Peer 1: 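I have a structure here, written as structure tokens, and I will follow up with some questions on it.
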2 protein chains.
Amino acid sequence: MNDDLLSLEEFLPYRLNRLADAVSRDFSRLYRDRFGLTRPEWRLLATLGQYGTMTATAIGQHSAMHKTKVSRAVTALEERRWLRRAPHATDRRVEHLTLTKAGEDAYRELVPLAREFETRILEQMRPAEKGAIISGLAALERAMLQQRDQD
Amino acid sequence: MNDDLLSLEEFLPYRLNRLADAVSRDFSRLYRDRFGLTRPEWRLLATLGQYGTMTATAIGQHSAMHKTKVSRAVTALEERRWLRRAPHATDRRVEHLTLTKAGEDAYRELVPLAREFETRILEQMRPAEKGAIISGLAALERAMLQQRDQD
DNA sequence: CCGAATTTGTTACATCGGTAACAATTGAAT
DNA sequence: ATTCAATTGTTACCGATGTAACAAATTCGG
């Protein structure tokens, strides 16, 4: 192997991006075709569906979305009447976001589709391989956190 | 665990995207700070650096970039005098793209930085974890290919 | 050969996304 | 209390990106 060349096929950032791109593109068809959702809107829906009421800032931190993305997705889902804003008891800058009935219905319809999508991919892999990707991603998540803490 | 809820933290597309995003954002500082390159431009440079002469279509297929991204990156690197276009012997639609001396110099400067970046992440992980992420990604790459072949 | 279909690469258009500026509010310092 | 800093969320602006339309060239079917 040549030290002057970088093998992109073995280069971690490149592999991650390629995979995330391909998986995301396939998966987006589910929420795009059925509901016309964008990716930030799906993420907002999935986060509120899982956690119930949250503030915009908390959603951004938890789902790794920029606050402008969150803000725009909130506006979009609010216009669909899929979520409602409620004032914070003491801090008037903050709004609590909660899914409406219609939002919950959409969430409940999408969750099994998301599960099936993931299953379809994983069942192409052998058990040891599934274990490798699942624990490997966990290890990488930890490594990235440590990385960030050092700087 | 609740069957009605989707745990985003364990959901493969979400984890992949979060990681790819974080890794890419960190890594982009290397080529952005040093050379003001965009991600498509870095990918073009890295692909031509590794493989020598290629056509735009081949680059797009190999590096999973949309042809408009390739086209724009080619224009950008050409204006920097980092690559040159040469006509194809028999097909006048096609152009062969090759790095110039200046392009190769930049590539040679970036390769070790890319290697160090990857090493810094991987050395936060134990050997077994490194093996897990590397073989897990390979298995997932295969699974995605099989997936695509079935449709 | 000849016209239709395909391929290669560029460009116009619309959309998306991040940076930065901003208003409103709250917290901290003194 | 009063001023300054920090936080929350929105918006204007600009750059990036994909879709679709396109021109030029080639290939294919008959």
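By convention in this document, chain letters (A, B, ...) are assigned in the order of the sequence lines, proteins followed by strands, and residues within each chain are numbered from 1. Because the structure is a prediction, the values reported are computed rather than measured.
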Peer 1: Here's one to test your reading of the geometry: is the NZ or CZ of B:Arg39 within 45 degrees of the ring axis of B:Trp42 and under 6.0 Å from its centre?
Peer 2: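 Checked: cation-pi criterion not met.
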
Peer 1: Just checking A:Arg126: does its CZ atom have more than 12 heavy atoms from other residues, nucleotides or ligands closer to it than 6.0 angstrom?
Peer 2: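 Result for CZ/A:Arg126: open.
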
Peer 1: For ring pair (Phe, Tyr, Trp, His ring centres under 6.0 Å), just list the numbers for B:Phe27 and A:Phe11, CA-CA rounded to whole Å, side-chain angles, deciding distance to a tenth of an Å, and then say yes or no.
Peer 2: CA-CA 12 Å; B:Phe27 180 58; A:Phe11 188 51; 5.2 Å; yes

Peer 1: Decide, yes or no, whether a salt bridge links B:Glu109 with B:Arg34 under the criterion of side-chain N to carboxylate O below 4.0 Å.
Peer 2: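 Yes, B:Glu109 and B:Arg34 are salt-bridged.
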
Peer 1: For the pair A:Leu97 and A:Met54, evaluate side-chain contact (heavy atoms from CB on, under 4.5 Å) and give the outcome as yes or no after the intermediate values.
Peer 2: CA-CA 5 Å; A:Leu97 306 170; A:Met54 290 180 81; 5.7 Å; no

Peer 1: For atom CZ of B:Arg32, is the number of surrounding heavy atoms from other residues, nucleotides or ligands below 6.0 Å larger than 12?
Peer 2: yes

Peer 1: Any residue in residues 30-57 of chain B with a heavy atom nearer than 4.0 angstrom to DNA chain D? Just list them by number, or reply none.
Peer 2: B:Thr38, B:Pro40

Peer 1: Assess the side chains of B:His62 and A:Glu9: does a donor N or O sit below 3.5 Å from an acceptor N or O?
Peer 2: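 Indeed, the side chains of B:His62 and A:Glu9 share at least one donor-acceptor pair under 3.5 Å.
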
Peer 1: Strictly under 4.0 angstrom, non-hydrogen atoms only: write out the protein contact profile of nucleotides 18-28 of chain C, one letter per nucleotide from the 5' end, B, S or -.
Peer 2: BBB---BBS--

Peer 1: Side-chain N or O of A:Ser71 less than 4.0 angstrom from OP1 or OP2 on D:dT10?
Peer 2: yes

Peer 1: May I have the distance from B:Met65 (atom CE) to C:dG9 (atom P), rounded to whole angstrom?
Peer 2: 13 Å

Peer 1: Round to a whole Å and report the spacing from CG of A:Asn17 to C1' of D:dA16.
Peer 2: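 The answer, rounded to whole Å, is 15 Å.
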
Peer 1: Parallel, tilted or perpendicular for B:His96 and B:His88, by the 30°/60° rule?
Peer 2: parallel

Peer 1: Taking CZ in B:Arg85 as the centre, count heavy atoms belonging to other residues, nucleotides or ligands within less than 6.0 Å. Is the count above 12?
Peer 2: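 Yes, the 6.0 Å shell around CZ holds more than 12 heavy atoms from other groups.
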
Peer 1: State the CH2-NZ distance between A:Trp82 and A:Lys101, to the nearest 0.5 angstrom.
Peer 2: 12.5 Å

Peer 1: So how far off straight is the helix from C:dC1-D:dG30 to C:dT30-D:dA1, going by the axes through five pairs at either end, to 10°?
Peer 2: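 End-to-end axis angle for the helix from C:dC1-D:dG30 to C:dT30-D:dA1: 30°, rounded to 10°.
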
